[in-house]
Amino acid sequence: MAVAVASARSEEGEALYQVIGVDQDTVSGRDRIATLARGQFPFRTIDDSLTEALARCHRQGNLSATTDEGVYTKADIVVMDLPLDIPFQDDYPQLNLDSFKEAFRSVVRRVPKGALILVETTVPPGTCEQVLRPILIKELGIRMLEEDAVHLAHSYERVMPGESYLESITHFWRVYAGITPQAGDSCEEFLSSIIDVERYPLARLASTTASETAKLMENTYRAANIAFIDEWTKFAEVAGIDLYEVIDAIRVRPTHSNIRFPGIGVGGYCLTKDPAFTPAAAKQILNYQELEFPFSHLALQVNQAMPLHAAAKLSKLLGGDVHDKKILLLGISYRQDIGDTRFSPAEKFAQALLNAGAKVKAFDPFLDEWPEMDLQLFAHLPSPASFDAVVFAAPHQQFIELDLLSWFGAARPVVLDTVNVVSKGLRDLCRESGIKVESIGRGDGL
Ligand SMILES: NC(=O)c1ccc[n+]([C@@H]2O[C@H](COP(=O)([O-])OP(=O)(O)OC[C@H]3O[C@@H](n4cnc5c(N)ncnc54)[C@H](O)[C@@H]3O)[C@@H](O)[C@H]2O)c1
């Protein structure tokens, strides 16, 4: 978002904004700031347009970063992109907005009159109206300012890390709303200056609660769609059919074109936690105690358990016991062609194998280490010779293009493909060469 804003230009080609990123005075916050100060993106990315845009902003000097919250005093616009966690693994996850409220307070106390505060963090429905607005009124009151002296709005990113990382902000539709009509106008003006709104028109909703709900419903729909596939995946495996083939046949119907495929599970910072927000908000913010969200609850539970099915399938492939077996995991990111392990399904998968006595090592072309597992990764694709099993757990392009037979040579570990990177042709060739290959979502030998 910072790069997208710093890249916005006037018709004359002048930079529209001087962007200052603010992060916390922590190891990772300081690291992100230092990397930006060198004109580099803090994460490994395959999106060259992003790294080039960042280098350009760095050369032109309109993008910097700091831990100093004092810079809010100079801001015409503050975009809040902080994390907001919810313990989604709990049976009934509870909201805790304390740190978010504190961060908001810190901004409101400092921003000048007329500033726009744009909340982009995924927040529970009702947050802007019921939680932040009272803070805004109180803090502005202390400063002898009226409520409308600072504009509060909500809009959510649909950013997609990967090859179109930057474009997923600048060339994609946006939903937004303001706490007042003026705040909505301010937000619209800002978004129109960074997004190609001719091709991707903005959608203004009637309230910030509606905009917050749109984000959560969108992600819960996706999470539920993935969860729905779980029972069909298991069915396909026992029925001896190929669920990919079935889904390809269904997806030709325009009404069914986004049905999901089988896989190792859901990961990342958004789809995992977002279904937990609205049930909690209904009770804790909007005070509707009776509302139940059975689909959201089930999606959360099913998606968390999905990697365990893959672990059970690997165990079966290895003769029913993984104890002392050496497993090579290929890909630990939650998504293809990025290096992000937050709530990656590979983690739960690996943990289940370790608990059962297996020895797990991993390689991911986008990562050097696996912080959640305290594991150093191979720097290069290792020889498969010393492993009992090779598991594809993220559909990185490198794995799709891998010449599996040459890489294997005389080695014969079993292969479990959880993310559909081994083609039908290659699976057949492997089997002809005596390599056992199975996939999630397909019956044995398919
Ligand atoms: N990553 C995505 O694809 C994506 C997409 C849509 C929405 N979101 C939402 O955007 C929000 C941020 O997600 P993210 O993936 O960028 O998270 P992140 O953890 O990568 O980045 C958030 C940054 O905010 C910093 N931070 C925390 N508290 C702060 C404070 N008080 N002041 C200044 N900086 C502070 C953190 O140190 C961190 O660097 C979340 O609500 C997420 O759900 C993310």
Side-chain angles (χ1 to χ4, degrees), residues 1-5 19-36 41-45 47 50 64-72 75 78-86 88 95-111 117-125 127-128 132 135 154-169 172-176 211-212 214-220 222-223 266-278 281 333-344 371-372:
M1 184 64 182
V3 177
V5 178
V19 179
I20 306 176
V22 180
D23 210 306
Q24 288 182 308
D25 195 2
T26 56
V27 173
S28 70
R30 285 192 301 272
D31 188 49
R32 289 175 186 194
I33 291 167
T35 319
L36 283 172
F41 194 63
F43 312 100
R44 228 175 268 181
T45 174
D47 182 1
L50 173 60
S64 59
T66 178
T67 56
D68 177 10
E69 293 183 296
V71 296
Y72 300 149
V78 177
V79 182
M80 294 186 66
D81 263 316
L82 317 176
L84 177 65
D85 296 334
I86 181 164
F88 64 87
L95 294 172
N96 182 345
L97 298 177
D98 289 349
S99 64
F100 191 75
K101 285 188 325 201
E102 202 39 58
F104 181 73
R105 226 175 254 121
S106 169
V107 173
V108 179
R109 279 183 186 151
R110 294 180 169 91
V111 283
I117 303 176
L118 173 55
V119 174
E120 287 199 341
T121 295
T122 302
V123 290
T127 299
C128 285
L132 302 186
I135 297 175
H154 176 267
S155 175
Y156 57 91
E157 291 172 10
R158 286 160 163 158
V159 62
M160 277 162 295
E163 62 181 350
S164 306
Y165 206 162
L166 181 57
E167 274 219 332
S168 69
I169 289 190
F172 215 67
W173 298 270
R174 271 281 188 136
V175 176
Y176 71 102
S211 173
E212 292 158 347
K215 169 70 182 181
L216 291 167
M217 189 174 168
E218 196 170 304
N219 275 1
T220 304
R222 188 76 164 173
V266 179
Y269 187 54
C270 294
L271 289 194
T272 44
K273 69 172 169 45
D274 287 356
F277 274 127
T278 312
S333 274
Y334 78 89
R335 186 183 146 88
Q336 74 273 19
D337 296 327
I338 64 163
D340 189 341
T341 53
R342 288 180 293 175
F343 302 121
S344 171
E372 293 86 352

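All values reported here derive from a predicted model rather than from experimental measurement. Counting convention: from 1, in listed order, for ligands and their atoms alike.
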What do you reckon, does [X] have a nitrogen or oxygen under 3.5 Å from a nitrogen or oxygen of ligand 1?
X	answer
Arg158	no
Arg342	yes
Asp274	no
Asp81	no
Arg32	yes

In the protein, what heavy atom is nearest to [atom], and what distance, to one decimal place, separates them?
atom	value
atom 33 (C) of ligand 1	Val22 O, 3.5 Å
atom 44 (C) of ligand 1	Cys270 SG, 3.5 Å
atom 22 (C) of ligand 1	Pro83 CD, 3.5 Å
atom 37 (O) of ligand 1	Asp23 OD1, 2.5 Å
atom 2 (C) of ligand 1	Val159 CG1, 3.6 Å
atom 31 (N) of ligand 1	Ala103 CB, 3.7 Å

Worksheet item: Taking the minimum heavy-atom distance to atom 7 (C) of ligand 1, which of Glu218, Gln24, Lys215 ranks first?
Response: Lys215

Practice prompt. Counting heavy atoms only, name the option from Thr122, Ile169, Leu82 that's nearest to atom 11 (C) of ligand 1.
Written response: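 Going through Thr122, Ile169, Leu82 one by one, Leu82 has the nearest heavy atom to atom 11 (C) of ligand 1.
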
Worksheet entry | Non-neighbouring partners of Asp85 that pass side-chain hydrogen bond (donor to acceptor under 3.5 Å, both in side chains), sequence neighbours left out | Tyr269

Worksheet item: Side-chain contact, heavy-atom cut-off 4.5 Å: Asp274 with Lys215?
Response: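 Yes. Closest side-chain heavy atoms under 4.5 Å.
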
Discussion item. A side-chain contact here means heavy atoms from C-beta on lying under 4.5 Å apart; do Thr127 and Val119 qualify?
Written reply: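 They are not in contact (no side-chain heavy atoms under 4.5 Å apart), so the answer is no.
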
Item to complete: First locate atom OG1 of Thr122, then atom CG of Asn219, and finally report the distance between them rounded to the nearest 0.5 Å.
Response: 6.5 Å

Discussion item. Return the OG1 to CZ distance between Thr272 and Phe88, rounded to the nearest 0.5 Å.
Written reply: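 That separation rounds to 4.5 Å.
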
Discussion item. Check the orientation of Tyr156 and His154. Use parallel for under 30°, tilted for 30 to 60°, and perpendicular for over 60°.
Written reply: tilted

Give the atoms of ligand 1, by number and element, whose distance to some non-hydrogen atom of [X] is under 4.0 Å.
X	result
Thr121	41 (O)
Glu157	6 (C)
Lys273	43 (O)

Discussion item. For Met217, is the CE atom crowded, meaning more than 12 foreign heavy atoms sit under 6.0 Å from it?
Written reply: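 Atom CE in Met217 is not packed in, count stays at 12 or less.
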
Discussion item. Taking atom CD as the centre, does Glu157 end up with more than 12 heavy-atom neighbours from other residues, nucleotides or ligands that are less than 6.0 angstrom away?
Written reply: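 Yes, because the 6.0 Å sphere around CD of Glu157 holds more than 12 heavy atoms from other groups.
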
Item to complete: Check step by step if salt bridge (charged side-chain N to carboxylate O under 4.0 Å, His left out) holds for Glu120 and Arg174.
Response: CA-CA 11 Å; Glu120 287 199 341; Arg174 271 281 188 136; 2.8 Å; yes

Worksheet item: Under 4.0 Å from ligand 1, counting heavy atoms only, is it the side chain of Glu102, its backbone, both or neither?
Response: neither

Worksheet item: Considering only heavy atoms, does Met160 approach ligand 1 within less than 4.0 Å through its side chain, its backbone, both, or neither?
Response: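 Contact part for Met160 vs ligand 1: neither.
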
Worksheet item: Counting distance only, does the side-chain N/O of Ser168 pair as donor-acceptor with the main-chain N or O of Met160 below 3.5 Å?
Response: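 Yes, Ser168 side chain to Met160 backbone: donor-acceptor pair under 3.5 Å.
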
Worksheet item: Are any side-chain N or O atoms of Thr26 and backbone N or O atoms of Gly29, one a donor and one an acceptor, separated by less than 3.5 Å?
Response: yes

Item to complete: Classify the side-chain pair Arg32/Ser28 by whether it contains a donor and acceptor separated by less than 3.5 Å.
Response: no

Worksheet item: Would you call Tyr269 a ligand 1 contact, heavy-atom distance under 4.0 Å?
Response: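 Contact present.
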
